[in-house]
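Predicted model only: the values in this text are computed from it and were never measured.
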Amino acid sequence: MNRTAKAFSVLLGGLAGGAACAEPPAMPAAVPGAAPAAPALPNTAGPVRVRLADVVHADYRDAVMSVVNKPTVSTKATAPDLICTATMYEWLFDHPDRVALAWQRLKVPAVPITDAGNGLFSWTDEHGSEVVWRTVGTFRDGRVWYATGKVKPGPATPSVPVKAVAVLSHPQKAAKDGVASFSTSVQLFLVSDSRAANLALRLLGPAAPKVAEQGAEQFLEFFNGVANYVQKNPTKADALLAPPGKK
């Protein structure tokens with residue numbers, strides 16, 4: 001579970017951050033050649049499909065689409081169906097800092113995430129890495145995150161600039177009394193023009209797609225693991241998800 005708790009930070013931190021892990025790196029898969037098509041998203045009106053660009057705020061649209069249309073790496077994953085209170089599940093995605101803290105309270109090492117205010121979150125490490133992200137678009141049962149920053153794999157290595165987009169979808173089914181079954185998936189796109197990032201991809205070689213898929217699955221488990229625990233242990237939810245310093 002250590003890798004699960006790290007996955008959210010590592011994936012948003014980028015390719016070099018994953019390559020620096022002692023365990024197999026959790027990073028998006030290499031997709032050489034043509035860029036993947038921008039994901040189609042479900043519309044609140046029903047089966048109509050809309051473009052990703054239509055749901056991203058105008059201030060971030062160009063930046064997001066530049067990452068999605070020409071990623072250095074990309075991948076996607078789907079998690080097993082999860083039963084959870086709908087309001088709680090949405091709350092977890094709005095508070096990744098408290099999810100990271102929950103893992104720590106469950107005695108699972110997790111990189112701290114900071115709520116910087118105004119919807120902005122960040123993480124840093126002892127080497128000088130720093131990544132910030134926010135929700136830049138929403139759609140029915142989903143959202144779009146955009147992240148920027150730099151990752152420094154170690155004290156003697158250069159910083160690697162990164163930009164990333166995560167498109168998260170969690171449609172509900174079989175809802176009753178506020179509890180629903182969720183089928184959650186994520187599409188991840190990352191851009192880094194650094195030599196270190198390109199070297200990491202070459203070193204992974206044919207293993208990159210599988211490593212990436214596992215990393216994306218861990219990204220989902222970062223949230224789903226806590227959601228599942230809270231659903232099964234509702235009396236412990238308040239203490240587990242309390243702000244820092246409170247239980």
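- Under the 3.5 Å distance criterion, the side-chain polar atoms of Q104 are matched with a main-chain donor or acceptor of A110.
- Listed here is the closest heavy atom pair of A227 and C84: CB-SG, 4.0 Å.
- Between V55 and T138 there is no side-chain heavy-atom pair separated by less than 4.5 Å.
- Of all heavy-atom pairs between P243 and L101, the closest is C-CD2, 4.0 Å.
- Taken together through direct or relayed side-chain contacts under 4.5 Å among Ile, Leu, Val, Met, Phe, Trp and Tyr, F219 and Y229 form part of one hydrophobic cluster.
- Side chains of W133 and W123 form a contact here, defined as non-hydrogen atoms less than 4.5 Å apart.
- Between W91 and H95, the ring-plane angle classifies as parallel under the 30° and 60° cut-offs.
- Cluster membership check: Y60 shares its hydrophobic cluster with V68, using side-chain heavy-atom separations under 4.5 Å among Ile, Leu, Val, Met, Phe, Trp and Tyr.
- K163 has its side chain within reach of Y146: a pair of non-hydrogen atoms, C-beta onward, lies under 4.5 Å apart.
- Taking the side chain as every heavy atom from C-beta outward, V136 and V165 never approach each other to under 4.5 Å.
- V179 and L241 sit in two unconnected hydrophobic clusters of ILVMFWY residues. Membership requires side-chain heavy atoms under 4.5 Å apart, directly or through other members.
- Residues Y89 and T184 form a side-chain contact, since some pair of their non-hydrogen atoms from C-beta on lies under 4.5 Å apart.
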request  = Report the C-alpha separation of V132 and T148 in whole Å, then their side-chain angles, then the decisive distance to 0.1 Å, and conclude whether the side chain to side chain contact (heavy atoms under 4.5 Å, CB included) test is met.
outcome  = CA-CA 6 Å; V132 298; T148 61; 3.8 Å; yes
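- The minimum heavy-atom distance linking Q231 with I83 is given by the pair CG-O, 3.4 Å.
- In this structure, CG on L220 lies 8.0 Å from CG on L188, to the nearest 0.5 angstrom.
- Contact annotation: the side chain of P71 never approaches that of L190 to less than 4.5 Å [non-hydrogen atoms, C-beta and beyond].
- Taking OG from S185 and NZ from K76, the interatomic distance works out to 8.5 Å, rounded to the nearest 0.5 Å.
- Between I113 and P96, the shortest heavy-atom distance links the atoms CD1-O, 3.7 Å.
- F189 has its side chain out of reach of V64: every pair of non-hydrogen atoms, C-beta onward, lies at least 4.5 Å apart.
- Taking the side chain as every heavy atom from C-beta outward, D115 and F121 approach each other to under 4.5 Å.
- Once rounded to the nearest 0.5 Å, the distance linking CZ of R98 with CZ of R105 reads 8.0 Å.
- Here the CG atom belonging to L168 is positioned 7.0 Å from the CZ atom belonging to F139, to the nearest 0.5 angstrom.
- Distance CZ/R143 to NE2/H170: 5.5 Å, rounded to 0.5 Å.
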task = Applying side chain to side chain contact (heavy atoms under 4.5 Å, CB included), run through T72 and V162 and close with a yes or a no.
result = CA-CA 10 Å; T72 304; V162 294; over 6 Å; no
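- Under the side chain to side chain contact (heavy atoms under 4.5 Å, CB included) rule, L240 has a single partner from V99, N233, V230, which is V230.
- Counting all heavy atoms, side chain and backbone alike, A53 lies closest to R61 at O-NE, 2.9 Å.
- Here CG of L82 is found 9.0 Å from CD of E221. Values are rounded to the nearest 0.5 Å.
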inquiry  = Between K70 and V191, does the side chain to side chain contact (heavy atoms under 4.5 Å, CB included) criterion hold? Intermediate values first, please.
reply    = CA-CA 8 Å; K70 293 184 178 180; V191 167; 5.8 Å; no
